Amino acid sequence: MDHAATDAATDAATDTVPAAVPAPVPAGWPTTEAEARAVQDRLRPQVVLDEDGPVPGEGLVTGVDVAYDDERDLVAAAAVVLDARTLEVVERATALGRISFPYVPGLLAFRELPAVLAALGALKSPPGLVVCDGYGLAHPRRFGLAAHLGVLTGLPALGIAKNPFTFSYEEPGAARGAVAALVDGTEEVGRAVRTRDGVKPVFVSVGHRVSLDRACAHALHLAPRYRLPETTRRADALCRRALAEASSSS
DNA sequence: GCGACAG
DNA sequence: ATCTTGTCGC
């Protein structure tokens with residue numbers, strides 16, 4: 001059971017009250033797969049790739065994640081703001097909504113973003129860098145979740161995924177800190193980053209306004225102890241809790 | 001045509 | 001993502 005007790009204690013120490021507002025689907029949100037792909041192609045040119053982005057270990061970093069209850073057609077998103085230097089929780093927010101899009105590989109953003117945007121909007125703190133559970137430019141049309149979120153919010157964003165998706169990679173060295181290219185054919189779309197000795201790497205890609213080198217540095221700074229970054233671990237725990245509370249009440 | 005496929 | 005027990009290891 002992990003370190004649930006430790007995490008729960010830390011969460012309880014947070015003074016911020018999670019918001020549980022219904023997440024409306026943004027106006028004009030696509031309904032069909034063809035529309036969704038057209039939206040990606042239209043927004044793709046707005047991705048900014050010539051900024052280094054925030055310095056790892058400085059300022060605020062926000063993790064976002066989503067949990068689903070298909071039976072009840074419920075979705076819960078969480079946004080957890082951390083102090084990048086200490087990795088302490090600064091603020092948390094959640095948002096509930098209806099599932100607005102099915103899971104389709106390559107179109108994940110349309111399923112996750114409405115609730116995520118609502119949770120981000122409920123924060124009082126500026127989010128700083130946003131860390132997504134998934135991919136950014138490592139995407140069939142180079143416009144994954146993290147790139148999409150970055151363009152819609154203007155915030156620097158990056159993606160850290162648990163699986164290589166359709167891409168391939170050379171196994172990085174066994175030591176924490178080792179990296180290897182994540183490639184789509186000959187193009188480097190991201191990197192496999194080893195955050196723990198001898199444990200499967202995470203897959204990092206640029207979203208918006210962050211360089212790949214710096215995105216990888218953020219991944220390592222955010223995961224000092226576990227394979228996954230604290231941002232996703234915190235957001236994952238919070239959205240699951242919010243979903244459970246929503247499902248068990250009215 | 002068939003299988004794979006972030007979450 | 002989600003369904004799920006015990007179990008090996010630090």
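Because only heavy atoms are used, hydrogens play no part in the values below, and waters and symmetry mates are left out as well, while side chains stay in. Keep in mind the model is a prediction, meaning the values are calculated, not measured. Sequence lines set the chain letters: A, B, ... in the order given, protein chains first and strands last, and positions in each chain run from 1.
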Return the value, rounded to whole Å, for the distance between atom [atom1] of [X] and atom [atom2] of [N].
{"X": "A:Lys162", "N": "C:dA1", "atom1": "NZ", "atom2": "C1'", "result": "9 Å"}
{"X": "A:Leu145", "N": "C:dA1", "atom1": "CG", "atom2": "P", "result": "13 Å"}
{"X": "A:Leu243", "N": "C:dT2", "atom1": "CG", "atom2": "C1'", "result": "11 Å"}
{"X": "A:Asp184", "N": "B:dC5", "atom1": "CG", "atom2": "P", "result": "15 Å"}
{"X": "A:Tyr103", "N": "B:dG7", "atom1": "OH", "atom2": "P", "result": "7 Å"}
{"X": "A:Asn163", "N": "C:dA1", "atom1": "CG", "atom2": "P", "result": "9 Å"}
{"X": "A:Arg176", "N": "C:dC10", "atom1": "CZ", "atom2": "C1'", "result": "17 Å"}
{"X": "A:Arg196", "N": "C:dG9", "atom1": "CZ", "atom2": "P", "result": "15 Å"}

**Q.** Between A:Phe203 and A:Tyr169, ring centroids under 6.0 Å
**A.**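 Yes, ring centres under 6.0 Å apart.
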Q.
Can you confirm if the aromatic rings of A:His139 and A:Phe165 lie within a centre distance of less than 6.0 Å?
A.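 No, too far apart.
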Q: Can you figure out which of C:dT2, B:dG7, B:dA6 approaches the side chain of A:Phe165 most closely?
A: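 Looking only at heavy atoms from C-beta outward on A:Phe165, the closest nucleotide is B:dA6.
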Q) To the side chain of A:Arg240, which of C:dA1, B:dA6, B:dG7 is closest? A)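 Closest nucleotide to the A:Arg240 side chain: C:dA1.
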Q) Can you tell me how far the CG atom of A:Leu129 sits from the CG atom of A:Leu60, to the nearest 0.5 Å? A)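 Nearest 0.5 Å value for the CG-CG distance: 10.0 Å.
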Q.
Is there a continuous path of hydrophobic side-chain contacts, each under 4.5 Å between heavy atoms, that joins A:Ile99 to A:Leu145?
A.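 Yes: a chain of side-chain contacts under 4.5 Å links A:Ile99 to A:Leu145.
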Q | A:Tyr68 ring over B:dG7 six-membered base ring, under 5.5 Å and 30° | A |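 Whether judged by distance or by angle, A:Tyr68 falls short somewhere, so it does not stack on the base of B:dG7.
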Q. Looking at A:Glu188 and A:Arg191, does any basic side-chain N land under 4.0 Å from a carboxylate oxygen?
A.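 A salt bridge links A:Glu188 with A:Arg191.
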Have a look at [X] and say if it touches a base, only the backbone sugar-phosphate, or nothing, with a 4.0 Å heavy-atom cut-off.
{"X": "A:Asp69", "result": "nothing"}
{"X": "A:Ala67", "result": "sugar-phosphate"}
{"X": "A:Ile160", "result": "nothing"}
{"X": "A:Gly159", "result": "nothing"}

